[in-house]
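Below: the structure, in C-alpha cells.
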Amino acid sequence: MTEGTTAAAAEGADTLTRLEQEGDIAADYLEGLLDIADLDGDIDMDVEADRASVSIISDTGSRDLQKLVGRDGEVLEALQELTRLAVHRETGDRSRLMLDIAGYRARRRTELADLGAKAAAEAKSTGQPVRLDPMTPFERKVVHDAIKAAGLRSESEGEEPQRFVVVLPA
C-alpha cells in the first residue's frame, strides 16, 4: 500500500468509528426516551451514506410507535433533532444522524421517489417547470435524487418551512 492509500484507509476507519459512536449515543438516548414513555421498541443501528442511521422497530407490530412518528412525521423530525442534540452534547460535533421509527421514513422515501419520478416525467412531457408542495429537507433530498436519476435538474425555492422543489425541464 502507498502512503496515501494507508492514510485514506485510516481516515475511513476513523469516520466509521465516529459514526458508530454517534449511533451508540443515539441508541442510549432513545432507549431512555422509550423507557420514560413506557413504549416497547428495539433499536437498530447502521451507517448509511456517511451518516449514522438509527431505527426504532417493534417486533409486535404495535401501533404505539406511531405516536413517536406523529402526523406527517412531525414528532419523528423533532425526536431526530433532540437525538442529534444529545449526540452533539456528548461528542461536541454536529451530527447528521437519521432516525426512522416503525419504518415511516423508509416508506416515505419510496413515496417521494415515485413523486419525483412523476414530476420529472411531467416536466419532460410539458417542457414546463413543475412546482411541488413544501417539504422537509429530508423529503426534498429524496425528490432531488429521484429527479437527478430521471436525467433532469431541480432546485429548492422558498423559505423554511415553505421550501419546495421545482423540477426544471431539459
Side-chain angles (χ1 to χ4, degrees), residues 8-9 11-27 30 41-58 65-66 68-88 91 93-170:
E11 184 178 314
D14 288 347
T15 299
L16 181 61
T17 300
R18 182 181 51 79
L19 293 174
E20 288 172 344
Q21 178 189 19
E22 282 187 20
D24 288 338
I25 294 167
L30 292 166
D42 295 322
I43 309 286
D44 184 34
M45 296 178 297
D46 200 1
V47 174
E48 299 173 358
D50 291 331
R51 66 172 56 183
S53 174
V54 179
S55 300
I56 301 175
I57 54 177
S58 174
L65 289 182
Q66 292 304 315
L68 297 178
V69 174
R71 191 184 81 223
D72 297 328
E74 289 175 339
V75 176
L76 170 59
E77 290 291 332
L79 287 173
Q80 177 175 277
E81 283 307 307
L82 288 172
T83 305
R84 286 176 174 176
L85 287 172
V87 170
H88 177 71
T91 65
D93 295 326
R94 182 178 168 272
S95 174
R96 295 178 50 232
L97 176 130
M98 287 295 289
L99 175 64
D100 192 6
I101 300 174
Y104 173 82
R105 210 176 282 278
R107 287 188 303 277
R108 187 72 178 131
R109 182 178 279 123
T110 300
E111 293 169 2
L112 291 165
D114 291 344
L115 174 67
K118 288 176 185 171
E122 181 181 338
K124 281 181 182 177
S125 69
T126 66
Q128 298 295 316
V130 176
R131 293 179 187 343
L132 301 176
D133 291 335
M135 298 177 194
T136 67
F138 160 76
E139 292 170 331
R140 289 193 309 270
K141 170 77 168 99
V142 173
V143 171
H144 284 302
D145 289 347
I147 291 164
K148 184 177 181 181
L152 292 182
R153 288 186 323 107
S154 59
E155 54 190 39
S156 293
E157 293 183 3
E159 297 294 322
E160 294 292 353
Q162 296 299 312
R163 202 154 165 80
F164 59 94
V165 173
V166 178
V167 184
L168 305 170

Side chains of Leu76 and Leu68, heavy atoms from C-beta outward: is any pair under 4.5 Å?
no

Any heavy-atom pair between the side chains of Thr83 and Val54 that's under 4.5 Å?
no

Can you tell me how far CG of Leu19 sits from CG of Asp46, rounded to the nearest 0.5 angstrom?
10.5 Å

Glu159 atom CD, neighbour heavy-atom count above 12 within 6.0 Å
no

Supply the atom-to-atom distance Asp133 CG to Gln162 CD, rounded to the nearest 0.5 angstrom.
9.5 Å

Residues 111-126 vs side-chain hydrogen bond (donor to acceptor under 3.5 Å, both in side chains), sequence neighbours excluded, gives Arg108-Glu111

Decide yes or no for Leu79 and Ile56: does some side-chain heavy atom of the first lie under 4.5 Å from some side-chain heavy atom of the second?
no

Applying the side chain to side chain donor-acceptor pair (under 3.5 Å) test to Ser95, which of Arg84, His88, Glu22 qualifies?
Glu22

Which residues satisfy the salt bridge (charged side-chain N to carboxylate O under 4.0 Å, His left out) test with Arg71, sequence neighbours excluded?
Glu74

Not counting sequence neighbours, list each pair that qualifies as a side-chain hydrogen bond (donor to acceptor under 3.5 Å, both in side chains) and has a residue in residues 97-106.
Glu77-Arg105, Gln80-Arg105

Once side-chain hydrogen bond (donor to acceptor under 3.5 Å, both in side chains) is applied, what residue pairs with a partner in residues 141-154 remain, sequence neighbours excluded?
Lys141-Asp145, His144-Ser154, His144-Ser156

Do side-chain atoms of Thr91 reach the backbone of Asp93 as a donor and acceptor pair under 3.5 angstrom?
yes

Please answer whether the main-chain N or O of Gly158 pairs with a side-chain N or O of Arg163 as donor and acceptor at a distance below 3.5 Å.
yes

Any donor and acceptor pair, going by atom type alone, linking the side chain of Arg140 with main-chain N or O of Val165 inside 3.5 Å?
no

Go through the structure and list residues passing salt bridge (charged side-chain N to carboxylate O under 4.0 Å, His left out) with Glu157, not counting sequence neighbours.
none

Please report the interatomic distance CD1(Ile101) to CG(Leu30), rounded to the nearest 0.5 Å.
7.5 Å

Spacing of OG1 belonging to Thr110 relative to CG belonging to Leu115, to within rounding of 0.5 Å
12.5 Å

Quick one: CD1 on Ile43 to CG on Asp24, what's the gap to the nearest 0.5 Å?
11.5 Å

Listed by chain and number, what are the side-chain hydrogen bond (donor to acceptor under 3.5 Å, both in side chains) partners of Thr136, not counting sequence neighbours?
Glu139

